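Quick notes on the structure that follows.
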Amino acid sequence: MTVDSVLQLKCSCNQYPWGKKGSESLAARLAAKTPGWDEDDKGNRTDFKIDEEKFYSEMWMGTYPVLPSYVLSTGEDLQDVIDKNADELIGKGVMNKFGHTKLPYLPKVLSISKALPLQLHPNKELFAKIHSKDSEKFTDPNHKPEIALALTKFEAFCGFKPLDQISKLVHLEPLKQFLPAVQKPSFDDMTLKHFVNTVLKADEDTIAKVQEELKKLPKDSFGGDSYIPDLIPRLQSQYEKTDPGTIVALITMNYLVLDPGQSIYIPADGIHAYLSGDIIECMARSNNVLNVGFCPAADRDSADLFCSVLTFSPHSPDEALLKQQSYPGSASGKTNVFKPPMSEFNMLTTELGAGEKETLKPVKGPGIMIVTKGAATMKAQGKDFELKEGAVFFIGQGVETNYEAKDGLQMFTTYVE
Ligand SMILES: [Zn+2]
């Protein structure tokens with residue numbers, strides 16, 4: 001008997017306060033379509049329905065235990081189905097590479113109405129050190145590169161600005177106090193690290209005062225970064241005026257505004273904070289994070305730990321952008337691929353017009369696919385599947401899929417090999 005390798009999923013959406021309200025949240029709208037699942041007050045699984053008073057942040061697709069996906073037709077946990085048929089669904093190659101039968105990546109749809117915590121995801125080696133001290137907090141021995149692909153206009157702080165640009169800004173009068181007492185002839189990454197660490201550790205009055213002083217400076221004192229004084233009040237309205245994230249993000253980090261279809265890549269240990277928009281995000285299977293800003297003081301991790309882990313890549317807006325490439329597994333050429341470096345997954349983007357067709361050749365590893373717009377018929381393993389907005393499918397290794405769009409189709413497929 002052949003194993004069913006194409007499984008439609010029921011996914012759920014969580015409710016962090018930075019999410020968008022009710023049906024303004026694309027994550028919630030997509031989760032409501034199939035429908036996905038939710039839990040009632042007694043912990044029973046129910047169909048996902050949007051409550052217009054709640055804030056919906058992330059729809060998760062995959063097998064991470066915090067918010068797993070279930071098979072639509074049977075209600076089984078997707079990971080249980082994979083474990084029973086690991087050879088057929090995941091494949092020996094991927095099992096040997098990762099040493100387990102878990103899905104090695106976690107795609108999400110995020111709907112962001114205000115800044116997410118200023119954060120980084122610790123890499124494997126540093127994690128091993130931290131893990132022995134704090135095994136409650138960090139539950140996954142995994143590094144965590146991340147990509148974020150814009151579905152709507154997407155604002156993000158990602159990596160650091162070029163050093164010469166940061167050097168000019170940190171020498172503005174209100175910020176000089178965060179520089180080392182003895183300064184090197186040129187502003188380098190160690191000085192940048194000192195600056196970030198000192199801002200993160202500054203007392204609340206200092207942070208609030210510096211932000212007020214920055215707001216009063218003439219716009220042209222910020223050089224090419226004239227958005228800084230405009231963004232201060234906006235960030236202050238989202239979090240406390242005493243949040244150090246505002247200064248770190250505006251002074252040292254790249255501020256990017258992406259159009260739909262553009263993507264950024266964040267390496268393990270890379271500093272980032274997303275500000276607004278709807279995106280598809282994918283990361284390695286891990287939930288490790290260090291937060292130091294854009295969150296209540298009680299939720300912040302140690303500035304020293306954060307800075308000891310921090311990487312200085314990317315170091316310009318261009319380095320942060322990830323370009324798509326043509327995908328050799330596409331028969332029609334209407335599917336492109338994002339390949340994050342050092343990563344455990346790639347992401348395919350498929351855009352079809354009305355009546356257009358696509359065939360995706362089999363890959364030697366599992367995939368998760370989501371339809372974000374339009375409708376189509378998918379043929380796989382001799383069966384027909386109706387695709388519509390919000391449909392999420394698990395596609396086992398070695399399966400060819402054929403698509404014929406109705407009025408058009410936009411879908412995204414994450415896979416490993
Ligand atoms: Zn992140």
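Just so you know, ligand 1 is whichever comes first in the structure, and atom 1 is the first atom listed for that ligand. This structure is a prediction, so every number in the text was calculated from the model and none was measured.
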*Mind checking whether the Zn ion (ligand 1) has an N, O or S of Tyr274 under 2.8 Å?*
no
*asked:* Which heavy atom of Ala202 sits nearest to which heavy atom of Phe178, and what is that distance?
replied: CB-CE2, 3.9 Å
*asked:* If you compare all heavy atoms of Ala150 against all heavy atoms of Asp259, which two are closest, and at what distance to 0.1 Å?
replied: CB-O, 3.4 Å
*Hey, are Gln325 and Asn336 close enough side-chain-wise for a donor-acceptor pair under 3.5 Å?*
no
*What's the atom name of the N, O or S in His272 nearest to the Zn ion (ligand 1)?*
NE2
*Answer yes or no for Glu146: is there an N/O/S atom below the 2.8 Å cut-off from the Zn ion (ligand 1)?*
yes
*Taking side chain to side chain contact (heavy atoms under 4.5 Å, CB included) as the test, write out the residues that go with Thr101, two or more places apart.*
Gln79, Asp83, Ala86, Met95
*Which atom, among the N/O/S set of His121, is closest to the Zn ion (ligand 1)?*
NE2
